[in-house]
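Because only heavy atoms are used, hydrogens play no part in the values below, and waters and symmetry mates are left out as well, while side chains stay in. Counting convention: from 1, in listed order, for ligands and their atoms alike. What you see is a predicted model, and the numbers here were worked out from it, not measured in a lab. We're numbering straight along the sequence, starting at 1.
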Amino acid sequence: MEPVAVPQTTPSRALVRRPARNLAEGLLTHIERTEVDPALAEMQWRGYVAALAAEGWEIIEVEVAPELPDSVFIEDAVIMFGDIAVVASPGAQTRRGETAGAEAAVTSLGIPVQHLELPGTLDGGDVLKVGRTVYVGRSLRTNDEGIDQLRGILAPRGYTVVAVPISRALHLKTAVTALPDGTVIGFPPLVDDPSVFENFLPVPEAHGTAVVVLDDRTVLMSSAAPRSAELFAQRGYRVVTVDISEFEKLEGCVTCLSVRVR
Ligand SMILES: NC(=O)NCCC[C@H](N)C(=O)O
């Protein structure tokens, strides 16, 4: 009998959170406010969720938080490390209410939870996992105390936490993410110090920095970065694109619209 090929990374569950009624009032730090179309945002969010589902991911909806404008960016509220979840300590006052719903969702899946606490702050968007290395952006949202608390949780579990300066973008993952083979990809004008990363590949577009790893050979990314998509395709990856323009107007990207629970 022919051996059955087992993929190394099997799609699993993705947490998502429907956009709030007041999405358009979301925080902005590095870009000018331009009008967000709520109906288009809702449609794009459905498209994003459909793209994950089409790739075999089970979708788990975190209870909507209708009055918390940035709650759709669920990645910032809770971070998965193997079998445990770490509930973030949001760096922005207006986002602190988001963690309760995110924690309820992971708890309902039976996942053990650890917490980061004030005065430590840390947003999930500042956390990039590459194997057992966890890069954490020291940003406007994430402080040294938050990074130290995370290190305290992860070091005994065999992870190395590396703090990375981030001053030109909102979060670390606005500036860099990683391909399935561990190559860190980033848009140089947004990256303070590319030499921090062992393998760094510059991409030609700001929206080309963010990829969601769907499996060992497939990435999900914004349709607003076609030249970066081409670069990944040349490296042998299958690229799935989604239009998330309304979330990009709020400094969001593909990674922050879900939490992957593998
Ligand atoms: N992980 C992310 O990149 N999250 C994007 C958050 C955008 C939101 N408007 C914020 O400023 O917090």
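- Atoms of ligand 1 lying under 4.0 Å from any heavy atom of Gly125, numbered from 1 in the order shown and given with element: 1 (N).
- The protein heavy atom nearest to atom 5 (C) of ligand 1 is Glu251 O, 3.4 Å.
- The ligand atoms of ligand 1 that sit less than 4.0 angstrom from a heavy atom of Leu250 are 7 (C), 8 (C), 9 (N).
- Salt bridge absent: Arg141 and Asp126 never bring a charged side-chain N and a carboxylate O closer than 4.0 Å.
- For atom 11 (O) of ligand 1, the choice among Lys249, Arg141, Glu248 with the nearest heavy atom turns out to be Arg141.
- In Leu27, the parts holding a heavy atom less than 4.0 Å from any atom of ligand 1 are both the side chain and the backbone.
- Per-residue contacts place Leu170 under 4.0 angstrom from the following atoms of ligand 1 (heavy atoms of the residue considered): 6 (C), 7 (C), 10 (C), 11 (O).
- With a 6.0 Å radius and a threshold of 12 heavy atoms from other residues, nucleotides or ligands, Ile111 has its CD1 atom above the threshold.
- In this structure, Asp70 has a heavy atom closer than 4.0 Å to ligand 1.
- Remark: ligand 1 and Thr29 share no N or O pair separated by less than 3.5 Å (distance only, no angle test).
- Atom 4 (N) of ligand 1 has Asp76 OD2, 2.8 Å as its closest protein atom, hydrogens excluded (heavy atom only).
- Salt bridge Glu246/Lys249: present, at least one basic N to carboxylate O contact under 4.0 Å.
- When heavy-atom distances to ligand 1 are checked against a 4.0 Å cut-off, Thr255 has no atom that comes that close, whether in backbone or side chain.
- Atom 3 (O) of ligand 1 has its nearest heavy-atom neighbour, among Glu75, Lys173, His171, in His171.
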**Message:** side-chain hydrogen bond (donor to acceptor under 3.5 Å, both in side chains) for Glu55 and Thr218? Distances and angles first, verdict last.
**Reply:** CA-CA 9 Å; Glu55 295 294 320; Thr218 314; 4.8 Å; no
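- For atom 12 (O) of ligand 1, the choice among Arg95, Glu25, His30 with the nearest heavy atom turns out to be Arg95.
- Because its NZ or CZ atom is both nearer than 6.0 Å to the ring centre of Tyr159 and within 45° of the ring axis, Arg132 counts as a cation-pi partner of that residue.
- Each of Arg18, Arg46, Arg17 was scored for a salt bridge (charged side-chain N to carboxylate O under 4.0 Å, His left out) with Glu61, with one residue passing: Arg18.
- Remark: Ile153 CD1 to His115 NE2 distance equals 9.5 Å, nearest 0.5 Å.
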